[in-house]
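These values consider heavy atoms only, across backbone and side chains, with no hydrogens, waters or symmetry-generated copies.
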Amino acid sequence: TTLGRVVVPAAVWKDLVGASTRSVSTLKVETDGEVTIDERTMVHAFKTEDYPKVDQFYKVNDRRFGMAGRHLDGVLATSVAASTDDPRPVLTGVFVDVEDGKVRWVATDSYRLAVCDTDLKDDSNGEGPFGLVPARLFKLWKQLWGAKKLAEGTQTFMFGFQYAMLARGNWLYGVRLIEGTFPNYRQLVPKQYPNVLAGVDCEEALLALKVLGVIAEDHIPIRLNLA
């Protein structure tokens, strides 16, 4: 084995690994910039000097907190409320706020609002707004691990000035924080709820919403009358 670096197309590498029947693959870097895999497949490699520096992702230990996997379902549910409209990047993220020993996750697309509070682990440090994390991080994390595995173990979130890192075991996934000012969601959360709806059949309510969703467009709210 010879130590070295090489940059290969991620999509091609993913397809090759998925199609391979071998548990261990051998890579050989040719002098002309080609990479031979298992002495039978050749792909074009990129220049390593053109690859972005990743050192900044390892300098995000200014503030961190750990969270039990069982709480991640609430975080994933919160990310669903984030906008998918790229012209409004601030609304495509999940706002992370730490206070009073809890982490508050907030997302909104200006039509709906989701707020989730989770407990902190003992090794956490830092308080206040941690940053605005792209919602796609949590969606991708769920795709990589699956809901069942995420419920086990602990995730660690690390934040720096411009970057955030999500760690689980030997896996690290870093993203650049979204720049901008998140809306003051506290003004949108009622201090009192004069109308309380209890004893609702969830299956019937979901069925009614699905039927109405066929007619109503994404930006049209559904009116709820309490009688």
Side-chain angles (χ1 to χ4, degrees), residues 1-61 67 69 72-73 75-94 96 105 107 109 131-180 218:
T1 301
T2 302
L3 299 179
R5 295 181 179 182
V6 64
V7 180
V8 295
V12 175
W13 178 251
K14 175 178 178 293
D15 293 340
L16 289 175
V17 172
S20 177
T21 57
R22 301 185 180 184
S23 59
V24 179
S25 295
T26 302
L27 274 70
K28 181 180 180 181
V29 182
E30 308 293 346
T31 56
D32 57 356
E34 302 291 337
V35 177
T36 303
I37 304 174
D38 293 335
E39 298 182 353
R40 57 180 180 175
T41 305
M42 181 176 291
V43 297
H44 179 71
F46 300 124
K47 295 181 179 179
T48 55
E49 57 267 25
D50 293 337
Y51 194 79
K53 303 297 182 183
V54 297
D55 295 344
Q56 63 266 26
F57 288 112
Y58 295 95
K59 299 177 181 179
V60 294
N61 295 324
M67 187 181 67
L72 202 57
D73 281 345
V75 179
L76 294 172
T78 302
S79 65
V80 174
S83 175
T84 57
D85 189 5
D86 290 336
R88 300 184 298 173
V90 172
L91 299 184
T92 63
V94 177
V96 182
W105 313 81
D109 59 359
L132 193 55
V133 182
R136 67 177 182 273
L137 168 64
F138 305 105
K139 297 174 183 178
L140 178 60
W141 203 243
K142 184 177 180 180
Q143 293 175 359
L144 289 173
W145 289 97
K148 185 176 180 179
K149 286 187 177 180
L150 284 176
E152 305 170 355
T154 300
Q155 281 71 225
T156 301
F157 293 85
M158 298 172 286
F159 288 79
F161 177 66
Q162 292 180 320
Y163 295 90
M165 183 83 75
L166 176 55
R168 177 185 172 90
N170 294 327
W171 287 83
L172 293 173
Y173 191 87
V175 294
R176 187 181 181 92
L177 296 174
I178 299 174
E179 298 181 3
D218 292 340

Please find the pair of heavy atoms, one from [X] and one from [Y], that lie closest to each other, and give the distance.
X      : Y      : result
Asp109 : Ala82  : CB-C, 4.2 Å
Val96  : Val133 : CG2-CG2, 3.9 Å
Ala81  : Ala107 : CB-O, 3.7 Å
Ser83  : Arg88  : OG-NH2, 3.7 Å

Side chain to side chain contact (heavy atoms under 4.5 Å, CB included) assessment of Tyr163 paired with Leu177: CA-CA 5 Å; Tyr163 295 90; Leu177 296 174; 5.7 Å; no
Assess the residue pair Ile178 and Thr92 against the criterion (side chain to side chain contact (heavy atoms under 4.5 Å, CB included)); give the C-alpha distance rounded to whole Å, side-chain angles, the decisive distance to 0.1 Å, and a yes or no. CA-CA 9 Å; Ile178 299 174; Thr92 63; 3.6 Å; yes
When rounded to the nearest 0.5 angstrom, what is the spacing between CG in Leu137 and CE in Met165?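 So the gap between those two atoms works out to 10.5 Å.
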The single option from Val80, Thr78, Val75 passing side chain to side chain contact (heavy atoms under 4.5 Å, CB included) against Phe138: Val75
So Leu91 and Asp85, do their side chains get closer than 4.5 Å, heavy atoms only?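 Side chain of Asp85 against side chain of Leu91, heavy atoms only: no contact under 4.5 Å found.
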